[in-house]
Amino acid sequence: QKEVEQNSGPLSVPEGAIASLNCTYSDRGSQSFFWYRQYSGKSPELIMSIYSNGDKEDGRFTAQLNKASQYVSLLIRDSQPSDSATYLCAVALSGGYQKVTFGTGTKLQVIP
Amino acid sequence: EAGVAQSPRYKIIEKRQSVAFWCNPISGHATLYWYQQILGQGPKLLIQFQNNGVVDDSQLPKDRFSAERLKGVDSTLKIQPAKLEDSAVYLCASSRPPGLLGTGELFFGEGSRLTVL
């Protein structure tokens with residue numbers, strides 16, 4: 001079982017629609033959860049972090065966390081062509097240091 | 001605030017040759033990570049430093065890869081001898097010290113793209 005699992009996609013949505021990206025993780029000791037966006041040929045950049053159950057909203061982005069189900073999701077409202085990228089889910093264990101493990105990423109295509 | 005600096009950006013070598021990558025993290029970031037990202041895959045952690053000590057190198061192929069972080073700041077990742085399967089982007093990232101808000105939020109450099117022929 002992979003530590004962090006994502007559907008590789010591609011996920012295609014029309015411009016203006018809601019894109020829903022999902023991630024599951026295996027270690028129940030995980031405490032911190034992140035979404036990174038990676039454009040083709042570029043490095044990952046952090047777009048959302050979430051640490052407690054529930055929703056966290058930042059502009060058009062909403063991260064959702066359900067620790068009981070070991071599930072994290074990212075919603076992108078009013079999707080734009082500029083949102084087309086690979087979205088990486090990352091998970092960190094608590095403890096003396098933060099080992100951050102990434103999923104394989106979901107490629108999102110927003111169709112104009 | 002200056003970002004994470006990496007060099008070289010690109011490197012092409014023959015198999016069995018050696019290569020070294022350099023990283024300078026964001027000032028004040030105690031934790032430094034080296035990730036390997038093969039095309040189409042997510043980043044894979046190779047080694048993690050806390051100041052100048054190694055806290056995780058469980059996925060580092062120690063027969064060919066080595067890394068050090070001198071004085072808890074700059075870091076160098078070396079591959080010797082390189083294999084074809086080492087072709088990847090090597091990403092350096094840093095984060096705030098443990099216990100501070102935002103620990104675990106990684107800031108990445110631009111990466112070093114290695115091609116092994």
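We name chains A, B, ... by the order of the sequence lines, and we start the count at 1 in each one. Here the structure is a predicted model, which means the values were calculated and not measured.
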- All heavy atoms of G41(A) vs all of R113(B), minimum pair found to be CA-NH2, 4.3 Å

- Message: Would you say W22(B) ends up clustered with V73(B) if hydrophobic residues are merged whenever their side chains have heavy atoms under 4.5 Å apart, either directly or through other cluster members?
- Response: no

- Item | Enclosure of K11(B) NZ (heavy-atom neighbours >12, cutoff 6.0 Å) | no

- Item | Engaged part of Q41(B) at the chain A interface, taking heavy atoms whose separation is under 4.5 Å | backbone

- E110(B), CD: over 12 other non-hydrogen atoms inside 6.0 angstrom: no

- Message: Please give me the minimum heavy-atom distance between K99(A) and Q48(B), naming the atom from each residue.
- Response: CA-OE1, 3.4 Å

- Looking only at heavy atoms, the pair that brings G42(B) and L88(A) closest together is CA-CD2, 4.2 Å

- Message: Ignoring hydrogens, what is the shortest heavy-atom contact between V100(A) and Y35(B)? Give both atom names and the distance.
- Response: O-OH, 2.6 Å

- Checking Y36(A) side chain against L106(B) main chain: does a donor-acceptor pair fall under 3.5 Å? yes

- Task: Compare every heavy atom of F102(A) with every heavy atom of P43(B), then report the nearest pair and how far apart it is.
- Result: O-CB, 3.6 Å

- Message: Are more than 12 heavy atoms, taken from residues, nucleotides or ligands other than L39(B), located less than 6.0 Å from that residue's CG atom?
- Response: no

- Task: Check each atom of Q6(A) against the heavy atoms of chain B and say whether the ones under 4.5 Å are side chain, backbone, both or neither.
- Result: neither

- Note on the structure: Rounded to the nearest 0.5 Å, the CD atom of Q38(A) sits from the CG atom of L91(B) at a distance of 7.0 Å

- Query: Does a sphere of radius 6.0 Å around NZ in K62(B) hold more than 12 heavy atoms from other residues, nucleotides or ligands, not counting ones at 6.0 Å or beyond?
  - Reply: yes

- Note on the structure: Looking only at A90(A), P44(A), G105(A), the option with the highest number of non-hydrogen pairs under 4.5 Å against chain B is P44(A)

- Item | Neighbour count above 12 (heavy atom, 6.0 Å) for K15(B) NZ | no

- Query: Can V89(B) be reached from V116(B) by stepping across I, L, V, M, F, W or Y side chains whose heavy atoms are under 4.5 Å apart?
  - Reply: no

